[in-house]
2 protein chains.
Amino acid sequence: MEFNEAKAQFIQTWGKLGSEWGINRTMAQVHAILLISPKPLCTEDIMEELNISRGNTNMNVRDLINWDLVSKKLVPGDRKEYFEAEKDIWEVARRIIKERKKREVEPVIKVLSQLKQIDGDSEISEIKEFTSMMEQLDRFVGKMDKSVNLLINENENKLFSLLFKLLK
Amino acid sequence: MEFNEAKAQFIQTWGKLGSEWGINRTMAQVHAILLISPKPLCTEDIMEELNISRGNTNMNVRDLINWDLVSKKLVPGDRKEYFEAEKDIWEVARRIIKERKKREVEPVIKVLSQLKQIDGDSEISEIKEFTSMMEQLDRFVGKMDKSVNLLINENENKLFSLLFKLLK
DNA sequence: TTAAACTTTCAATAATTATTGAAAGTTTAA
DNA sequence: TTAAACTTTCAATAATTATTGAAAGTTTAA
């Protein structure tokens with residue numbers, strides 16, 4: 001396969017994966033081109049590469065910065081801002097997990113802990129089932145939360161070596 | 001909090017979580033009401049509960065069945081189909097992970113393995129960076145894949161007890 | 001200060017995704 | 001067989017989400 005074809009396919013695959021997981025397709029594509037770029041890129045570069053507008057580029061790059069996946073890089077003697085992606089894939093995964101946990105999972109944990117204790121006759125089957133499910137979910141999500149905290153805080157080698165012990 | 005309020009809040013929270021993770025909001029809401037229902041529900045029940053059309057109900061229920069999260073339950077002496085959800089949350093998580101891996105992650109693994117070997121001068125920095133990133137991703141996704149297989153195949157107690165050892 | 005070179009915002013619009021509901025299809029009981 | 005009681009499909013439409021691009025805002029060099 002030729003480089004440009006491979007590059008296009010990677011951008012497209014990464015964008016598709018993102019959109020399947022609830023992330024703006026264009027944001028994922030911008031991430032893709034920054035991931036494979038050997039040097040920082042400016043807004044123009046990204047616009048040209050993906051054929052998108054300046055406003056769109058700006059918003060998605062800032063989103064990536066908010067996710068802590070991309071940072072601004074100043075080039076001396078140039079007024080433009082350049083952007084570069086975190087290249088360590090383990091670090092990338094860690095930051096994505098951390099952010100999604102904070103934005104999307106933690107609010108759910110908060111709600112579940114409230115829904116566990118509802119008023120009402122615990123002899124009514126609807127109420128019994130509801131409470132039991134909330135308790136199950138709360139316990140499960142709590143365990144997952146702890147496991148993910150581990151995952152976020154351990155380094156690659158430590159975590160995988162432990163995971164692989166489970167395989168032995 | 002009163003039962004009906006709690007129920008509404010759970011349906012809404014579950015739907016929101018789903019849509020943030022790329023799953024049809026209504027499908028997640030249908031799942032929510034089946035999760036907390038002590039008895040199987042028919043299409044009518046779901047339509048009324050969520051105020052959605054018959055067609056929409058039918059499609060989302062069938063999707064849930066395809067995800068192996070819901071099954072048909074026949075009630076003797078009744079021509080209607082009833083639906084009930086898998087209630088073991090660990091099993092629910094396992095099936096969701098299994099399905100998303102199959103549908104969304106495995107195609108990516110396949111693409112990455114191809115993109116690793118591209119033609120071109122490996123002295124060109126673009127090509128060097130690209131190849132290195134594809135190799136990194138391929139290794140990472142391969143490890144994740146193995147870890148997820150573990151997760152899918154182990155039972156709750158075994159997995160969590162092992163994860164918690166890491167916390168000690 | 002000023003104006004050139006940039007970045008950011010946001011209302012209008014386009015693109016995508018979800019939903020409706022009527023028509024077609026299927027199953028069952030008699 | 002038939003017709004009633006259901007389920008499924010799918011074209012039209014609605015709702016949601018993403019994008020544009022021009023205008024407003026900001027920063028920097030001189």
Side-chain angles (χ1 to χ4, degrees), chain A residues 11-34 40-67 70-84 100 103-104, chain B residues 11-34 40-67 70-84 100 103-104:
Chain A
I11 293 170
Q12 128 117 325
T13 301
W14 208 240
K16 182 151 171 284
L17 186 66
S19 80
E20 285 165 344
W21 286 76
I23 282 165
N24 182 309
R25 171 185 273 100
T26 302
M27 171 171 152
Q29 288 179 331
V30 172
H31 190 215
I33 68 169
L34 288 170
L41 301 178
C42 68
T43 302
E44 292 283 339
D45 296 331
I46 297 167
M47 287 168 64
E48 278 170 29
E49 188 73 45
L50 297 178
N51 265 294
I52 58 175
S53 72
R54 188 172 298 282
N56 196 6
T57 304
N58 181 267
M59 287 193 62
N60 284 114
V61 167
R62 269 185 310 131
D63 258 6
L64 285 164
I65 292 173
N66 289 336
W67 279 73
V70 165
S71 55
K72 286 187 188 174
K73 174 100 180 181
L74 295 176
V75 169
D78 196 335
R79 283 188 52 184
K80 281 205 285 285
E81 292 178 335
Y82 287 80
F83 307 101
E84 67 184 354
R100 299 207 78 153
R103 295 182 188 202
E104 297 146 12
Chain B
I11 293 170
Q12 127 118 325
T13 301
W14 207 241
K16 182 153 169 283
L17 186 66
S19 78
E20 284 166 345
W21 286 75
I23 282 166
N24 181 310
R25 171 185 273 101
T26 302
M27 172 171 153
Q29 288 179 330
V30 172
H31 190 216
I33 69 169
L34 288 170
L41 300 179
C42 68
T43 302
E44 292 282 338
D45 296 331
I46 297 168
M47 288 168 65
E48 278 169 30
E49 188 74 45
L50 297 178
N51 265 293
I52 57 174
S53 72
R54 188 172 299 281
N56 196 6
T57 304
N58 182 266
M59 287 194 59
N60 284 115
V61 166
R62 268 186 311 132
D63 257 6
L64 284 164
I65 292 172
N66 288 336
W67 280 74
V70 164
S71 54
K72 286 186 187 174
K73 174 100 181 180
L74 294 176
V75 169
D78 195 336
R79 282 187 53 183
K80 279 205 288 285
E81 290 178 337
Y82 287 80
F83 307 101
E84 66 184 354
R100 298 206 77 153
R103 296 182 188 203
E104 296 146 13

**Q** Relative to each other, are the rings of B:W21 and A:W21 parallel, tilted or perpendicular (30° and 60° limits)?
**A** perpendicular
**Q** Determine the minimum heavy-atom distance between A:K73 and A:E84, stating which atoms define it.
**A** CD-OE2, 3.3 Å
**Q** Just name whichever nucleotide pairs with C:dA24, Watson-Crick or G-U, keeping both distances under 3.5 Å, else none.
**A** D:dT7
**Q** With nearest nucleotide decided by heavy atoms, which residue, A:K80 or A:N56, maps closer to the 5′ end of DNA chain C?
**A** A:K80
**Q** Watson-Crick or G-U wobble partner for D:dA29, using a 3.5 Å limit on both distances?
**A** C:dT2
**Q** In the structure shown, which nucleotide is the Watson-Crick or G-U wobble counterpart of D:dT16, with both distances under 3.5 Å?
**A** C:dA15
**Q** Looking at every non-hydrogen atom in both residues, tell me the closest pair between B:I11 and B:Q29 and how far apart they are.
**A** O-CG, 3.6 Å
**Q** If you assign A:M59 and A:D78 each to the DNA chain C nucleotide with the nearest heavy atom, which residue ends up on the more 5' nucleotide?
**A** A:D78
**Q** For chain B and DNA chain D, what are the first and last nucleotides along the strand, 5' to 3', with at least one atom under 4.0 angstrom from a heavy atom of the protein chain?
**A** D:dA4 to D:dT9
**Q** List the atom of B:N24, the atom of B:T26, and the distance in Å for their closest heavy-atom pair.
**A** OD1-N, 2.7 Å
**Q** To check you understand the geometry: which heavy-atom pair defines the closest contact between B:A28 and B:G15, and what is its length?
**A** CB-CA, 3.8 Å
**Q** Please determine, by modelled atom types, if B:R62 and B:N66 share a side-chain donor-acceptor pair under 3.5 angstrom.
**A** no
